[in-house]
Structure formats: structure tokens, C-alpha cells
Amino acid sequence: RDGSTVLNDFNELGMEWQVLPSDGKLFHEMARPQFPELCYLPEDPRGDRARRLAESDISEEAAEKACANLKDELDRKDCVYDILATQDMDMVGAY
């Protein structure tokens with residue numbers, strides 16, 4: 001918040017941005033946790049980001065075929081990525 005401190009820990013960053021009483025009322029409704037109660041921390045703030053394509057049920061070829069009707073090349077690439085990342089062929093409907 002001070003414009004110069006760099007925090008590389010996601011939990012520490014979250015705690016730094018918790019709304020304090022001195023910040024005034026920023027939201028229409030007050031929800032827990034409220035200071036001095038600490039923010040709820042996720043079990044793993046970075047998440048498991050390794051892609052396990054070998055474990056995928058949907059092949060890249062199948063995803064490309066599902067997205068083939070999209071005219072925009074970037075939309076096609078995004079569509080293929082989304083299907084592979086979620087393992088959900090219905091993601092093509094988002095485009």
C-alpha cells in the first residue's frame with residue numbers, strides 16, 4: 001500500500017490489503033472476516049499449475065476439431081486452450 005514495498009508471498013500480500021477500520025466503509029455490506037480477524041487463507045495460494053496433458057481425456061486434435069468453426073484465429077487458439085485446460089468440450093460454447 002505504501003507504493004514501494006514488494007511482497008512476493010501471496011498470503012502476506014493478501015493480509016496487507018485487508019480492509020482496516022481506518023480505510024472507512026468500502027463496500028455496501030460488511031462480511032467476515034473483519035479486522036482484527038485475519039483474512040481466510042487458501043490451502044495453496046499458487047494452486048497446482050502443472051498441466052498434465054498425458055492424463056487428459058481430450059486430445060489436442062479433438063479440441064482443435066471442436067473449435068474449427070471459429071473464424072478468428074485467436075479465438076480458436078483460446079478455445080483449444082480452454083478445452084484442454086478444463087477437459088470440457090462444452091467450452092466451445094463460450095465462443
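Nearest approach of A66 to M89, heavy atoms of both residues: CB-CE, 3.6 Å. Smallest separation of non-hydrogen atoms from M91 and T86: CG-OG1, 3.2 Å.
Annotation: the span from C79 atom SG to N69 atom CG amounts to 10.0 Å, rounded to 0.5 Å. In this structure, CG on D57 lies 5.5 Å from CD on Q87, to the nearest 0.5 angstrom. A distance of 7.5 Å separates CD in Q18 from CD in Q34, rounded to the nearest 0.5 Å. One finds the CG atom of L84 at 6.0 Å from the CD atom of E60 (value rounded to the nearest 0.5 Å). One distance of note links CG of D82 with CG of D90; it measures 12.5 Å at 0.5 Å rounding. Rounding to the nearest 0.5 Å places CZ of R32 at 12.0 Å from SG of C39.
Criterion: ILVMFWY side-chain heavy atoms under 4.5 Å apart, direct or through other members. Under it, W17 and L7 are part of a common hydrophobic cluster.
With respect to the salt-bridge test (charged N to carboxylate O, under 4.0 angstrom), the residues K77 and E73 qualify.
Residue F27 places its CZ atom among 12 or fewer non-hydrogen atoms of other residues, nucleotides or ligands, all under 6.0 Å distant.
Between the side chain of R76 and the backbone N or O of C67, no donor-acceptor pair lies under 3.5 Å.
With a 4.5 Å cut-off on side-chain heavy atoms, I58 and I83 count as touching.
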Let's go through D78 and Y95 carefully: what are the C-alpha distance in whole Å and the side-chain angles of both, what is the deciding distance for side chain to side chain contact (heavy atoms under 4.5 Å, CB included) to 0.1 Å, and is it a yes or a no?
CA-CA 9 Å; D78 288 343; Y95 297 90; 3.3 Å; yes

